[in-house]
Amino acid sequence: MGIIAWIILGLVAGAVARMLVPGKDPQGLIITFVLGIAGALLGGLVATQMLHVSGIQGFFDLSTWLCAIVGAAVLLGGYHLIIGRRSDRRAGRP
C-alpha cells in the first residue's frame with residue numbers, strides 16, 4: 001500500500017479515533033488529522049514489523065483499518081494526557 005493510501009487512511013482513522021477517545025478535545029481538526037496520519041503509519045509499522053500481520057496490504061482490508069484506528073487512538077490518547085497535564089499546570093492545579 002502506498003504512502004498516499006496511508007495518508008487518506010490516516011485522515012479517516014484520525015476522525016474515527018477522535019470519536020472513540022473519551023474526554024474533552026483540546027486539539028483542532030488539523031492536529032487530529034496529523035495525529036491520525038502518524039497513528040495510521042505507526043499502527044501499520046507495528047503490525048507488520050512486530051506482530052507480523054500480513055494482512056496490511058489492501059486499502060479495504062479490515063486489519064489495515066483496525067491497525068490505523070488503534071494507532072491513531074493511541075496517539076490521540078497520549079496527546080490528551082500531555083496537553084491535559086500542561087493545562088493543569090497553567091491553571092495552578094497539581
Could you give the side-chain donor-acceptor pairs of residues 28-39 under 3.5 Å, partners two or more places apart or in another chain?
from  : atom 1 : to    : atom 2 : distance (Å)
Thr32 : OG1    : Gln27 : NE2    : 3.2
Thr32 : OG1    : Gly28 : O      : 2.8

Exercise for the section: Drop me the distance from Leu76's CG to Ile83's CD1, to the nearest 0.5 angstrom. Expected result: 11.5 Å
Practice task
Locate the shortest heavy-atom distance separating Ala40 from Gly10; write the atom from each residue and the value.
Solution key: CB-CA, 3.6 Å
Completion exercise
Closest non-hydrogen atoms of Ala73 and Ala17, given as atom of the first, atom of the second and distance, are N-CB, 3.5 Å
Problem - Any side-chain heavy-atom pair of Val12 and Trp65 under 4.5 Å - result: yes
Practice task
Report the distance from atom CG of Leu41 to atom CG of Leu75, rounding to the nearest 0.5 Å.
Solution key: 10.0 Å
Exercise for the section: Heavy atoms only: give me the nearest Cys67-Gly44 pair and the separation to one decimal. Expected result: CB-N, 4.5 Å
Problem - For Leu66, all residues meeting side chain to side chain contact (heavy atoms under 4.5 Å, CB included), sequence neighbours excluded - result: Leu62
